[in-house]
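Before any comments, here is the structure.
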Amino acid sequence: MTKFAGSLLCLTLALMLAGCGGGKQAAPPPTAAIAPSPPPSAYERPEEELLEEAIRGKPILPAEVARLSDRLLAEGSSTFHNEQTMARLEILLTKTLGAAPKEIRYQLLRDLGIIHYHQKKFNLARQEVQQANELNPRDARTHFYLARLAAQHGNIYQRQGLSKKAKGQFTLAANEMELARKLEPSNSLYRQDVKQVLQNERPQPAARKK
C-alpha cells in the first residue's frame, strides 16, 4: 500500500510539472492603441480661399489674419506677382488694423508695408514699416524691409545726383541689415548684401530665341 501511494504521488507531481512547463506559449503583449489622426487644420486649405472668405465677411481673428498674411507674403511667394491677391490682402489688413491688439498690430503694419513695397509705393511702405518697428523693434523682417527701403531711396537719390543723401541711405540700409542678422542669425536672407537683395528683385531678362 505504501509503495502504491508513493507511486501515485510521483505520478501526480510529474503531471503537475508537465502542466507548468514551457509547452504552453505565453500570450502576446496587448497591442498599443493607435491614436486617431487629428482632423485637418483649416489652414491646410489654400490661402487664397481663406482670403476670399474673409473678404466676403467670414469672421476671422486679427491673429489669424496676421498668420494668413505672413504665409501669403513669404519671401519668394507668387503673391507678389498676383495683383488681385495683393489688393484683397491689403483690404483685409487695413480692415483688421483698427481692432487689432498691440502685439498683432505691428505685424499687420509691417505686412501692409511689404505689400506697398512690392507695389513700389516706397514712401507709404516706409511709413508703415517704421510704425511697425516702433511697436516692436525686435522683429527681424521689419528691419530687413527697412534696409530694402533705405537702399531703394539711396538709389533714387543717386539717380538724382544727390550723392551725400544716397550715401546716408546706403549706410542706414547696411545698419538695418545688421540688426536683422543679429535678431535672426540663422536666416540666410539677412546675411546678404542689401544691394544684392535689390538686384535679385529685378526680373531676369527673357532668353533670346535662337
Of all heavy-atom pairs between Leu97 and Arg105, which one has the smallest distance, and what is that distance?
O-NH1, 2.9 Å
Taking every non-hydrogen atom, the tightest pair across His118 and Tyr145:
NE2-OH, 3.0 Å
Please determine, by modelled atom types, if Glu176 and His143 share a side-chain donor-acceptor pair under 3.5 angstrom.
yes
Nearest atoms (heavy-atom pairs only) where Ala180 meets Ala140
CB-O, 3.6 Å
Hey, could you give me the CZ/CG distance between Arg71 and Leu51, rounded to the nearest 0.5 Å?
11.0 Å
Polar side chain donor-acceptor pair, Asp111 to Gln107, under 3.5 angstrom:
no
Rounded to the nearest 0.5 Å, how far does CG of Leu50 lie from CZ of Arg67?
11.5 Å
When rounded to the nearest 0.5 angstrom, what distance separates NZ in Lys95 from CD1 in Ile60?
9.0 Å
Ala125 and Gly113 have their tightest heavy-atom pair at CB-O, 3.3 Å
So CG of Asn133 and CG of Leu146: to nearest 0.5 Å the spacing works out to 5.5 Å
Between atom CD of Gln130 and atom OG1 of Thr142, what is the distance when rounded to the nearest 0.5 Å?
11.5 Å
Ignoring hydrogens and geometry, is there a side-chain-to-backbone donor-acceptor pair from Ser77 to Leu72 under 3.5 Å?
yes
With side chain to side chain contact (heavy atoms under 4.5 Å, CB included) as the criterion, how do Tyr106 and Glu134 come out once you've worked through the C-alpha distance, each side chain's angles and the decisive distance to 0.1 Å?
CA-CA 8 Å; Tyr106 86 90; Glu134 289 170 9; over 6 Å; no
Between Arg141 and Ile114, is the side chain to side chain contact (heavy atoms under 4.5 Å, CB included) condition met? List the steps.
CA-CA 10 Å; Arg141 200 176 189 202; Ile114 291 173; 3.7 Å; yes
Decide yes or no for Leu73 and Met86: does some side-chain heavy atom of the first lie under 4.5 Å from some side-chain heavy atom of the second?
yes
Restricting to non-hydrogen atoms, name the atom on Asp193 and the atom on Lys195 that form the minimum distance, rounded to 0.1 Å.
OD2-N, 2.9 Å
Is any side-chain heavy atom of Asn155 closer than 4.5 Å to a side-chain heavy atom of Phe170?
yes
Determine whether the side chains of Glu90 and His116 contain a donor N or O and an acceptor N or O closer than 3.5 Å.
yes
Mind checking whether Leu183 and Leu135 sit in one hydrophobic cluster, side chains of I, L, V, M, F, W, Y counted as touching below 4.5 Å?
no
Common cluster, Leu124/Phe122, ILVMFWY with side-chain heavy-atom separation under 4.5 Å:
no
When you compare the side chains of Gln192 and Gln199, does any donor N or O come within less than 3.5 Å of an acceptor on the partner?
no
Contact check, side chains of Glu103 and Asn136, non-hydrogen atoms, under 4.5 Å:
no
Run the numbers on Arg181 and Phe144 for side chain to side chain contact (heavy atoms under 4.5 Å, CB included), then give the verdict.
CA-CA 9 Å; Arg181 276 192 288 272; Phe144 181 53; over 6 Å; no
Do Leu162 and Leu149 belong together in a cluster built from hydrophobic side chains that touch within less than 4.5 Å?
no
So do Glu83 and Gln119 actually touch side chain to side chain, heavy atoms under 4.5 Å?
no
Take Gln152 and Tyr117 through the side chain to side chain donor-acceptor pair (under 3.5 Å) test and state the conclusion after the steps.
CA-CA 10 Å; Gln152 290 285 6; Tyr117 175 89; 3.1 Å; yes
Take atom CZ in Arg138; do more than 12 heavy atoms of anything else shown fall under 6.0 Å from it?
no
CA sep, side-chain torsions, deciding dist, call: Thr171, Asn175, side chain to side chain contact (heavy atoms under 4.5 Å, CB included)
CA-CA 6 Å; Thr171 300; Asn175 291 340; 4.0 Å; yes
Taking all non-hydrogen atoms of both residues into account, name the closest pair between Pro62 and Ala99 and its distance.
CG-O, 4.3 Å
With rounding to the nearest 0.5 angstrom, report the CG to CG distance, Asp139 to Leu179.
12.0 Å
If you group Ile, Leu, Val, Met, Phe, Trp and Tyr by side-chain heavy-atom gaps below 4.5 Å, do Ile91 and Leu93 land in one group?
yes
Begin from the C-alpha positions of Glu184 and Asn187 and carry the test side chain to side chain donor-acceptor pair (under 3.5 Å) through to its verdict.
CA-CA 6 Å; Glu184 281 189 27; Asn187 193 322; 3.3 Å; yes
Is the shortest side-chain heavy-atom distance between Gln160 and Tyr157 below 4.5 Å?
yes
Tell me whether Leu172 shares a hydrophobic cluster with Met177, the cluster being built from Ile, Leu, Val, Met, Phe, Trp, Tyr side chains joined at under 4.5 Å.
no
If we only count heavy atoms from C-beta on, is the Glu48 to Arg88 side-chain gap below 4.5 Å?
no
Under 3.5 Å, side chain of Arg110 to main-chain N/O of Glu128, donor-acceptor pair present?
no
Given Glu53, Glu52, Glu64, the one that forms salt bridge (charged side-chain N to carboxylate O under 4.0 Å, His left out) with Lys58:
Glu53
With Thr94, the side chain to side chain contact (heavy atoms under 4.5 Å, CB included) member among Ile115, Leu112, Leu108
Leu112
